[in-house]
Student: 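Right, I'll just put the structure down here and ask away after.
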Amino acid sequence: MAQTLSLVPTIWLAIVLLAVLGVIGFFVGRSRAVHLLATGDGTPLNSRANFHGYYVGMWAVVPVLALLILYGVFGGAVTDALLARELPSGFAALTPEARADYLERVADYTRLEAAPVTDDALFNAVAGRFSQLSGEVKLGGLGLALLAGLIGMGLARGRLHHDFRARLRVEGGIQTLLLLCAGVAIATTVGIVLSLIFEAFRFFGYVNPLDFLFGTQWSAQSGEPKYGAIPLFFGTFVISIIAMIVAVPVGLYAAIFLSEYAGPKTRAWAKPVLEVLAGIPTVVYGFFAVLLIAPLVRVAALGVNDLLMMLPFITGPVLDAQPTSALAAGLVMGVMIIPFVSSLSDDVINSVPQSLRDGAYAVGATRSETIKQVVLPAALPGIIAAIMLAVSRAIGETMIVVMAAGQRAQITPDVTSDITTITATIVALLTGDSDYGSPTVLSAFALGFVLFLVTLLFNLIAIRVVARFREKYD
Amino acid sequence: MTDATNTPVTATPPTPGRPSIREAVEAQLKKRHAAERRFRIYGIAAVSFAAFMLLVLITSIGYQAISAFQKHYVSFETMLDPALIAPDGTDDPERIAENVGGFYETVRNDLAAQFPHSVQSDADRLAVGTLVTRLAVLPAARRIADDPERIGSEMRFTAALNDDIDLYLKGRLTEEKTYRLDRAEAVFQRGAAVIEADFAGVLADVKAALSAIADEQAATLADVEVRAAGLRARIESEGEGAELVSSLEAAETEISELEASISALRARAEAAGAPETLDPSLPSLIVRTGEHYARIEALAPGRAEGRVLVGTPDLRGTFDGGDASALLVMEPEASRNVSDQQIAWTRALQEDGRITKRFNGSLLTRADSTYPEIAGALAAIVGSLFTMLVTALLALPIGVAAAIYLEEYAPKNRLTSFIEININNLAAVPSIVFGLLGAAVFLSFFGFPRGAPMVGGLVLALLTLPTVIIASRAALQAVPPSIRDAALALGASRTQSVFHHVVPLAAPGMMTGAIIGLARAVGETAPLLLIGMVAFVAEVPTGPTDEATALPVLIYKWSTGAERAWEPLTAAAIVVLLVFMIAMNALAVVLRRRFERRW
């Protein structure tokens with residue numbers, strides 16, 4: 001029985017347990033409230049009977065949930081410990097790591113429902129005992145949870161009396177639940193920071209941080225791995241610059257045009273176009289870059305090479321003209337970022353008060369002069385913040401560079417050669433064949449940590465710039 | 001009342017050499033207006049550039065996608081031999097469907113029967129079978145499996161053409177030129193073909209092709225010469241190292257070979273009207289006379305000689321009135337995936353009316369495969385749906401609850417502003433960092449199954465959470481305080497006023513924000529790659545804990561496929577994804593229009 005129980009997914013059992021106890025608690029509480037009302041002195045209760053039910057139900061469900069979480073976190077460890085005590089003495093000689101590895105294999109094996117029998121009789125026996133033990137631990141865990149729920153239910157019911165402020169308690173419980181949900185956001189950030197720091201520091205145990213940050217050779221997946229990240233930083237930098245060269249002028253001019261010049265008919269098609277550009281998934285942009293833009297860049301680069309070779313002092317092809325290039329990825333990334341720059345600048349430009357514009361018109365300025373000399377300077381902090389947010393987006397972009405920029409970590413001023421970035425390297429490292437825990441895979445976390453810090457820095461600076469330099473208009 | 005005197009305003013007499021004020025101002029005004037016009041044009045150019053790029057993106061992907069949704073099929077009307085189809089006499093549908101080998105034999109026999117003269121040996125039979133890949137008969141096999149009575153009688157079915165030939169028929173593999181021959185006299189003897197017709201135009205084009213090849217070789221020659229010059233310079237400066245000398249010698253040999261080849265080609269190209277020999281490094285010429293197809297090996301202005309590819313080996317006849325044509329395939333046979341023989345067979349089948357171009361829905365109904373012909377996105381679509389389900393179930397309740405707390409209950413203290421800053425920062429974190437979080441915490445620490453939609457949904461939920469929270473907060477803020485005050489004034493508690501009055505009014509805004517957030521999450525690829533949803537998955541997942549892939553990840557995987565047939569498939573999968581997203585966005589817009597209230 002224990003063995004079959006170990007195969008039933010815990011989640012269904014948990015849901016059933018929670019539902020059953022909750023419903024029972026609700027009815028217990030409500031009937032108690034009705035009873036109190038009937039046997040009371042005729043004055044109504046503080047809250048309606050349902051709230052008494054919710055109160056008892058709440059106190060039935062919360063202990064069950066707490067114990068289920070405990071089971072989820074510690075159940076595996078408990079089963080492993082119990083199994084380890086029963087293993088033959090030969091296992092004591094293994095290092096803790098080897099033992100953990102073996103136990104993990106046993107666990108994986110038992111998780112498959114129709115697992116074939118292996119040749120290793122010892123393994124079979126261990127696996128059988130493991131599934132039995134895990135079933136027993138699950139039974140124990142669920143039993144404890146049930147017990148806790150019943151105790152909670154009983155205690156809560158005992159608390160009910162005629163003047164009990166049930167609705168207040170229930171609403172307090174709801175408020176706590178909402179607070180916990182808000183806390184998930186913090187938990188996410190904490191989780192990101194902690195996991196990145198933890199894995200990055202594991203990596204820095206293998207590789208000197210200075211070598212990592214200032215080294216100029218990256219060959220993480222070769223026989224003699226080198227982890228100098230400067231080529232990756234350079235690649236990210238180059239592609240982001242190209243993207244910004246495309247996105248900032250186009251986005252700014254588009255925003256200015258749409259907010260100052262365009263009539264409603266132009267806005268009617270221009271705004272949806274920008275919104276659609278913003279909504280296209282980046283993998284589609286990446287495919288577009290590989291399909292059309294990268295070959296065009298290559299053809300153009302070959303043409304430039306041919307032209308340059310006609311000059312007397314050029315002896316060979318100047319440009320690299322690779323099929324995947326920084327220029328292709330940068331151009332497409334720029335197109336992707338245009339709506340970002342445009343919509344943020346649009347908001348900022350619109351928030352400049354009309355009185356400033358009117359004042360400029362009043363002294364005879366043309367519209368472009370007003371914009372160039374009055375509106376833009378007034379909106380400048382916001383526009384700089386928008387540009388910084390756009391740069392942050394460009395730095396963190398993954399799919400376009402993975403598909404269109406290439407895989408070579410190198411430092412070169414030639415934008416038509418293939419180059420890789422931080423994000424593309426992270427993808428390559430984590431989708432490769434290396435074991436989790438090897439320095440190769442851990443370097444991805446170190447890179448991710450750097451990426452996270454840099455984008456965080458840019459975002460915070462953007463917010464700060466807006467806050468400090470924003471003019472206060474009345 | 002004015003102090004101004006009544007003297008007419010005359011300009012101060014102009015000093016010779018200095019422009020008057022009026023002229024100066026007018027000149028300046030012209031410049032300023034010109035600057036204004038330029039500025040306006042820049043603005044229009046910027047918006048047009050964005051629109052143009054969008055148009056280019058959509059048309060290039062759409063054009064590729066259309067190609068994937070249409071495929072060429074060969075029709076068969078043939079007898080189902082029980083010895084081949086159900087060799088054990090079994091009635092089991094599974095076994096019949098699996099008997100793909102038997103079906104393939106049937107197809108091959110049929111094709112061999114169509115071309116008795118070009119299919120004589122076993123090697124030929126294998127070759128003619130390559131027109132249709134083995135697995136392309138699977139749909140037909142399945143149909144018979146459902147209706148085993150039909151074994152032993154005639155059946156009509158179609159099978160998809162080999163994807164290279166499919167690309168060829170769509171004109172995507174090579175350029176071709178067709179020439180109509182008004183009158184041709186053909187003599188075939190033991191497989192050798194002699195055709196007399198006016199081949200002047202063809203010959204001229206062949207010469208032009210020779211010229212083009214010579215140009216290409218000239219470019220290569222220039223590169224090799226540069227390389228040799230570099231080697232010479234190095235030898236001068238570094239001395240005569242053995243490696244350098246041998247490389248230089250190799251380069252010099254290559255140079256002389258190229259020079260000889262180029263001059264030979266140019267000589268041939270310039271000798272207008274001189275006969276030509278067509279070897280496999282040149283474009284192929286296939287001449288059709290009636291039902292015969294012959295590959296030409298020697299071409300003169302009035303006569304072509306070659307070998308019969310399709311048709312009887314012995315014949316003598318005159319062909320005119322459109323019954324004779326020549327096909328010049330520009331890509332030489334040596335660098336093509338489709339041979340001249342296959343082209344001849346395909347064209348013959350086409351003339352016979354056995355090839356049709358039909359809508360191919362297999363993209364939506366079949367799971368992934370290593371063969372592009374039968375690969376489909378079904379497993380990825382189902383995987384995406386499961387992932388989105390998990391994301392929605394997690395992100396929506398938690399996000400809405402968090403927004404309600406922050407908006408209605410949270411006191412204005414440092415903890416609250418810390419949470420708010422946190423959420424704004426999370427919204428701007430690159431998505432790949434969430435993938436790293438998933439890999440480190442969910443896969444390695446908690447040990448969740450790798451590549452399951454459950455984990456993918458979890459990671460995407462964390463990614464969507466800030467967007468949902470921000471949108472829901474905006475919706476809650478839009479509800480005027482008077483609603484809350486009115487509820488409180490009637491004795492409701494804060495929770496009751498929030499949940500009974502404010503939230504229902506803010507619900508449409510929350511829903512649209514959530515749908516837009518989910519639409520963005522559907523297209524996310526990087527986090528899913530990092531948590532392992534990248535493996536080749538050939539079975540449709542049945543639940544959120546089965547290993548699965550998602551549509552954007554499938555697009556990425558297909559775009560890295562080596563064969564050219566993957567390109568249209570990737571584009572088609574992109575179209576499916578975009579349709580999905582447009583539907584979600586349209587739903588959000590409709591909801592917003594119908595339910596949003598302006599206060």
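Labels below follow one simple rule: chain letters A, B, ... track the order of the sequence lines, proteins then strands, and each chain is numbered from 1.
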Student: Counting heavy-atom pairs under 4.5 Å with chain B, which one of A:Leu430, A:Ile186, A:Leu180 comes out on top?
Tutor: A:Ile186
Student: Which atom pair, heavy atoms only, marks the closest approach of B:Ser559 to A:Met403?
Tutor: OG-CE, 3.1 Å
Student: To check you understand the geometry: which heavy-atom pair defines the closest contact between A:Ala365 and B:Arg32, and what is its length?
Tutor: CA-NH2, 3.8 Å
Student: Under a 4.5 Å cutoff for heavy-atom pairs, which residue among A:Pro281, A:Gly396, A:Pro249 has the most contacts with chain B?
Tutor: A:Pro281
Student: Counting only non-hydrogen atoms closer than 4.5 Å, does B:Phe49 touch chain A with its backbone (N, CA, C, O), its side chain (CB onward), both, or neither?
Tutor: side chain
Student: Could you please spell out the steps behind the side chain to side chain contact (heavy atoms under 4.5 Å, CB included) verdict for B:Ile432 and A:Glu397?
Tutor: CA-CA 8 Å; B:Ile432 196 169; A:Glu397 174 47 47; over 6 Å; no
Student: For the CZ atom of A:Phe287 and the OG atom of B:Ser60, what is their distance to the nearest 0.5 Å?
Tutor: 8.0 Å
Student: Name the region of A:Val290, side chain, backbone, both or neither, that has any atom closer than 4.5 Å to a heavy atom of chain B.
Tutor: neither
Student: Which pairs would a plain distance check flag for residues 250-257 of chain A, meaning a side-chain donor or acceptor within less than 3.5 Å of a matching protein atom at least two apart in sequence or in another chain?
Tutor:
none

Student: Can you say whether B:Leu465 sits under 4.5 Å from chain A via the side chain, the backbone, both, or neither, judging by heavy atoms?
Tutor: side chain
Student: Out of B:Gly399, B:Gly523, B:Ala46, B:Ala219, which one racks up the most heavy-atom pairs below 4.5 Å with chain A?
Tutor: B:Ala46
Student: Measuring heavy-atom distances to chain A, does B:Ala573 have an atom under 4.5 Å in its side chain, in its backbone, in both, or in neither?
Tutor: neither
Student: If every non-hydrogen atom of B:Ala402 is compared with every non-hydrogen atom of A:Ala182, which pair is closest and at what distance?
Tutor: CB-CA, 3.5 Å
Student: For the CG atom of B:Leu406 and the CG atom of A:Leu178, what is their distance to the nearest 0.5 Å?
Tutor: 9.5 Å
Student: With a 4.5 angstrom heavy-atom cut-off, is it the side chain or the backbone of B:Val400 that approaches chain A, or both, or neither?
Tutor: neither
Student: Which atoms of B:Ile398 are under 4.5 Å from chain A, going by heavy atoms: the side chain, the backbone, both sets, or neither?
Tutor: both
Student: Return the CD to CD1 distance between A:Glu275 and B:Ile516, rounded to the nearest 0.5 Å.
Tutor: 8.0 Å
Student: With a 4.5 angstrom heavy-atom cut-off, could you sort out which part of A:Val332 is near chain B: side chain, backbone, both or neither?
Tutor: neither
Student: Sorted by first residue and then second, give each side chain to side chain donor-acceptor pair (under 3.5 Å) pair with at least one member in residues 424-440 of chain B; sequence neighbours left out.
Tutor: B:Ser431-B:Glu524
Student: With side chain to side chain contact (heavy atoms under 4.5 Å, CB included) as the test, would you mind laying out the steps for A:Tyr261 and B:Ile44 before giving the verdict?
Tutor: CA-CA 9 Å; A:Tyr261 286 93; B:Ile44 296 179; over 6 Å; no
Student: Which residue out of B:Leu426, B:Val441, B:Ile555 racks up the most heavy-atom pairs below 4.5 Å with chain A?
Tutor: B:Leu426
Student: Does the side chain of B:Val429 come within less than 4.5 Å of A:Thr455's, by heavy atoms?
Tutor: no
Student: Are A:Ser195 and B:Leu436 close enough that some pair of their side-chain heavy atoms sits under 4.5 Å apart?
Tutor: no
Student: Considering only heavy atoms, which portion of B:Ile423 lies under 4.5 Å from any heavy atom of chain A: side chain, backbone, both, or neither?
Tutor: side chain
Student: Given heavy-atom pairs under 4.5 angstrom as the criterion, report whether the side chain, backbone, both or neither of A:Val190 touches chain B.
Tutor: neither
Student: Would one find more than 12 heavy atoms of other residues, nucleotides or ligands at under 6.0 Å from atom CZ of A:Arg267?
Tutor: yes
Student: Within the 4.5 Å heavy-atom criterion, are B:Gln496 and A:Glu171 side-chain neighbours or not?
Tutor: yes
Student: Measuring from A:Phe288:CZ to B:Leu54:CG, what's the distance to the nearest 0.5 Å?
Tutor: 9.5 Å
Student: With a 4.5 angstrom heavy-atom cut-off, could you sort out which part of B:Ala50 is near chain A: side chain, backbone, both or neither?
Tutor: both
Student: With side chain to side chain contact (heavy atoms under 4.5 Å, CB included) as the criterion, how do B:Phe39 and A:Thr366 come out once you've worked through the C-alpha distance, each side chain's angles and the decisive distance to 0.1 Å?
Tutor: CA-CA 11 Å; B:Phe39 196 79; A:Thr366 63; over 6 Å; no
Student: Give, as side chain, backbone, both or neither, the part of B:Leu578 having an atom under 4.5 angstrom from any heavy atom of chain A.
Tutor: side chain
Student: Which answer fits A:Ile338, side chain, backbone, both or neither, if we ask what part of it has an atom under 4.5 Å from a heavy atom of chain B?
Tutor: side chain
Student: Does a side-chain heavy-atom distance below 4.5 Å link B:Leu529 with A:Met399?
Tutor: yes
Student: In Å and rounded to the nearest 0.5 Å, what is the CD to CZ distance from B:Glu36 to A:Arg367?
Tutor: 6.5 Å
Student: Decide yes or no on side chain to side chain contact (heavy atoms under 4.5 Å, CB included) for A:Val284 and B:Leu57, but give the supporting numbers first.
Tutor: CA-CA 9 Å; A:Val284 176; B:Leu57 189 141; 4.2 Å; yes
Student: Taking atom CD1 of B:Ile404 and atom CG of A:Leu179, what is their separation to the nearest 0.5 Å?
Tutor: 13.5 Å
Student: So which of B:Leu462, B:Ile582, B:Ile469 has the biggest tally of heavy-atom pairs under 4.5 Å with chain A?
Tutor: B:Leu462
Student: For A:Ile426, is it the side chain, the backbone, both or neither that has a heavy atom under 4.5 Å from a heavy atom of chain B?
Tutor: both
Student: Measure A:Arg393 against the heavy atoms of chain B and call it side chain, backbone, both or neither at under 4.5 Å.
Tutor: neither
Student: Do you know which of B:Leu577, B:Thr495, B:Leu55 has the most heavy-atom pairs with chain A at a distance under 4.5 angstrom?
Tutor: B:Thr495
Student: Given heavy-atom pairs under 4.5 angstrom as the criterion, report whether the side chain, backbone, both or neither of A:Gln175 touches chain B.
Tutor: both
Student: Taking CZ in A:Phe198 as the centre, count heavy atoms belonging to other residues, nucleotides or ligands within less than 6.0 Å. Is the count above 12?
Tutor: no
Student: Among B:Leu415, B:Leu437, B:Thr560, who wins on heavy-atom pairs under 4.5 Å with chain A?
Tutor: B:Leu437
Student: Which bit of A:Thr398 is near chain B, if near means a heavy-atom gap under 4.5 Å: side chain, backbone, both or neither?
Tutor: side chain
Student: Side chains of A:Ile174 and B:Phe499: does their closest heavy-atom pair fall under 4.5 Å?
Tutor: yes
Student: Which of the residues A:Phe449, A:Phe445, A:Phe458, A:Trp269 is involved in the greatest number of heavy-atom pairs with chain B at under 4.5 angstrom?
Tutor: A:Phe445
Student: Would you please say whether a donor-acceptor pair under 3.5 Å links the side chains of B:Arg40 and A:Ser368?
Tutor: no
Student: With a 4.5 angstrom heavy-atom cut-off, which part of A:Thr423 approaches chain B: side chain, backbone, both or neither?
Tutor: both
Student: So what's closer than 4.5 Å to chain B heavy atoms on A:Ile192: side chain, backbone, both or neither?
Tutor: both
Student: Quick one: what part of A:Leu274 sits under 4.5 Å from any heavy atom of chain B, side chain, backbone, both or neither?
Tutor: side chain
Student: Heavy-atom cut-off 4.5 Å, strictly under: side chain, backbone, both or neither for B:Ile531 against chain A?
Tutor: neither
Student: Highest number of heavy-atom pairs under 4.5 Å with chain B: which of A:Thr266, A:Leu168, A:Leu194, A:Val273?
Tutor: A:Val273
Student: Check each atom of A:Ile371 against the heavy atoms of chain B and say whether the ones under 4.5 Å are side chain, backbone, both or neither.
Tutor: side chain
Student: Looking at B:Asn585, B:Leu443, B:Val56, which has the largest count of heavy-atom pairs under 4.5 Å with chain A?
Tutor: B:Val56
